[in-house]
Amino acid sequence: MRKRLFVQLGSVLLAAILLSGCVSIPDSVKGTSPAPQQDLARVLNAPQLYVGQESRFGGKVISVVNRNGMTRLEIAAMRLDSSAKPVLGSPSIGRIYADINGFADPVDFTGKMVTVVGPIKGVEKGEIGQAAYNFVTVNVTGYQRWHLSQQIMSPPQPIDPWIWYGPPRGRHYGGYWGPPPFGYYSPGPVQVQTILTE
């Protein structure tokens, strides 16, 4: 009876630990293929091989151009993490044009972080400043705008707060089990980390 209870509790605990570690990609940028193309350098080297293949790219929106029935985003692409979010602080890996059907307000996109998914249409010549550049063009079927948020990262605490604070060698009185006395350790300053959220 006891053994069965421990096995059941252990199974529930293991399942909870495994599920809490899962990272999911938002449905809006999951796409239809199991592994959309995310290697922009590979696509730029041989774009004709990837035309029609589903891709997923993300980064910072540099400019937004509205046309009749379509909006074009110019995105400075960045590496994506396992949940399809652009990795903050990572360098640009290139530029893409992302074409969205319909009207998208530039106020909602300019300077924001975004991830797009859709088939690669090919390469289109353009300019960055005065330099010629070949932009990979994606026909967007889904996108996710990310919001910058800040979270507080508390400093590490002692490994075992309930330890023996006894007298020095040779003395046999004083001391106690418990948390450290006030001022015994300094937790240090709290750090604020910037993250992306849905």
Side-chain angles (χ1 to χ4, degrees), residues 17-129 131-151 193-198:
I17 289 171
L18 290 176
L19 289 176
S20 68
C22 291
V23 176
S24 64
I25 296 173
D27 290 337
S28 59
V29 290
K30 259 192 185 154
T32 56
S33 67
Q37 181 59 252
Q38 293 185 173
D39 190 345
L40 185 57
R42 186 175 289 171
V43 175
L44 283 169
N45 285 335
Q48 65 280 4
L49 296 176
Y50 298 96
V51 172
Q53 183 178 352
E54 189 173 53
S55 63
R56 184 186 303 128
F57 299 113
K60 186 174 185 175
V61 177
I62 303 302
S63 69
V64 179
V65 177
N66 292 103
R67 298 178 179 163
N68 287 334
M70 184 194 75
T71 301
R72 173 166 278 183
L73 307 179
E74 180 182 333
I75 300 172
M78 303 164 82
R79 281 186 313 113
L80 300 179
D81 66 11
S82 59
S83 59
K85 295 177 188 171
V87 177
L88 291 176
S90 65
S92 170
I93 55 174
R95 299 271 180 106
I96 68 166
Y97 284 145
D99 293 337
I100 300 173
N101 288 330
F103 177 80
D105 198 328
V107 171
D108 294 334
F109 287 93
T110 305
K112 304 286 187 344
M113 297 297 228
V114 68
T115 299
V116 296
V117 67
I120 296 171
K121 292 198 300 188
V123 173
E124 195 172 309
K125 293 189 183 301
E127 290 183 346
I128 299 176
Y133 189 81
N134 291 328
F135 289 84
V136 171
T137 308
V138 176
N139 189 20
V140 176
T141 56
Y143 64 87
Q144 175 69 48
R145 286 183 306 138
W146 303 102
H147 305 284
L148 287 172
S149 299
Q150 292 185 329
Q151 68 179 8
Q193 181 181 24
T194 303
I195 59 169
L196 292 174
T197 59
E198 287 185 43

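Evaluation of the salt bridge (charged side-chain N to carboxylate O under 4.0 Å, His left out) test over residues 56-68, restricted to residues two or more places apart or in two chains, returns none. The stretch residues 106-126 participates, sequence neighbours left out, in these salt bridge (charged side-chain N to carboxylate O under 4.0 Å, His left out) pairs: Arg72-Glu124, Asp99-Lys121. Residue pairs meeting the salt bridge (charged side-chain N to carboxylate O under 4.0 Å, His left out) criterion with at least one member in residues 87-97, sequence neighbours excluded: Glu74-Arg95. Residues in residues 57-92 take part in no ring-ring contact (aromatic ring centres under 6.0 Å, His included) pair, two or more places apart or across chains.
The shortest non-hydrogen separation linking Met78 to Val87 is CE-O, 3.2 Å. A pairwise comparison of heavy atoms in Leu40 and Ala77 identifies CD2-CB, 3.8 Å as the closest pair. Between Ala76 and Ser92 the shortest heavy-atom distance is CB-OG, 4.0 Å. The shortest non-hydrogen separation linking Val117 to Val29 is CG1-CA, 3.8 Å. Shortest non-hydrogen contact noted between Leu196 and Pro86 is CD1-O, 3.3 Å. Closest heavy-atom contact between Val140 and Ala98: CG2-CB, 3.6 Å.
Glu54 places a side-chain N or O within 3.5 Å of a backbone atom of Ser33 that can act as its donor or acceptor partner. Between the side chain of Thr71 and the backbone N or O of Gly102, at least one donor-acceptor pair lies under 3.5 Å. A donor-acceptor pair under 3.5 Å is formed between the side chain of Asn66 and the backbone N or O of Ala104.
For the side-chain hydrogen bond (donor to acceptor under 3.5 Å, both in side chains) test, no residue two or more places apart in sequence or in another chain qualifies with Thr137. With sequence neighbours left out, Lys30 forms a salt bridge (Lys or Arg N to Asp or Glu O under 4.0 Å) with Asp27. With sequence neighbours excluded, no residue forms a side-chain hydrogen bond (donor to acceptor under 3.5 Å, both in side chains) with Ser55. Scored by the ring-ring contact (aromatic ring centres under 6.0 Å, His included) test, Phe135 finds Tyr97, Tyr133 as partners (sequence neighbours excluded). A search for side-chain hydrogen bond (donor to acceptor under 3.5 Å, both in side chains) contacts involving Gln48 returns nothing, not counting sequence neighbours. Residues that satisfy the side chain to side chain contact (heavy atoms under 4.5 Å, CB included) test with Val51, not counting sequence neighbours, are absent from this structure. With sequence neighbours left out, Asp39 forms a salt bridge (Lys or Arg N to Asp or Glu O under 4.0 Å) with Arg42. The side-chain hydrogen bond (donor to acceptor under 3.5 Å, both in side chains) search around Thr197 returns Ser149, not counting sequence neighbours.
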Query - Derivation and outcome, side chain to side chain contact (heavy atoms under 4.5 Å, CB included), residues Leu88 and Met113 - result: CA-CA 9 Å; Leu88 291 176; Met113 297 297 228; 3.5 Å; yes
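With a 4.5 Å cut-off on side-chain heavy atoms, Val116 and Ile96 count as touching.
Between the CD1 atom of Ile100 and the CG atom of Leu73 there is a distance of 4.0 Å, given to the nearest 0.5 Å.
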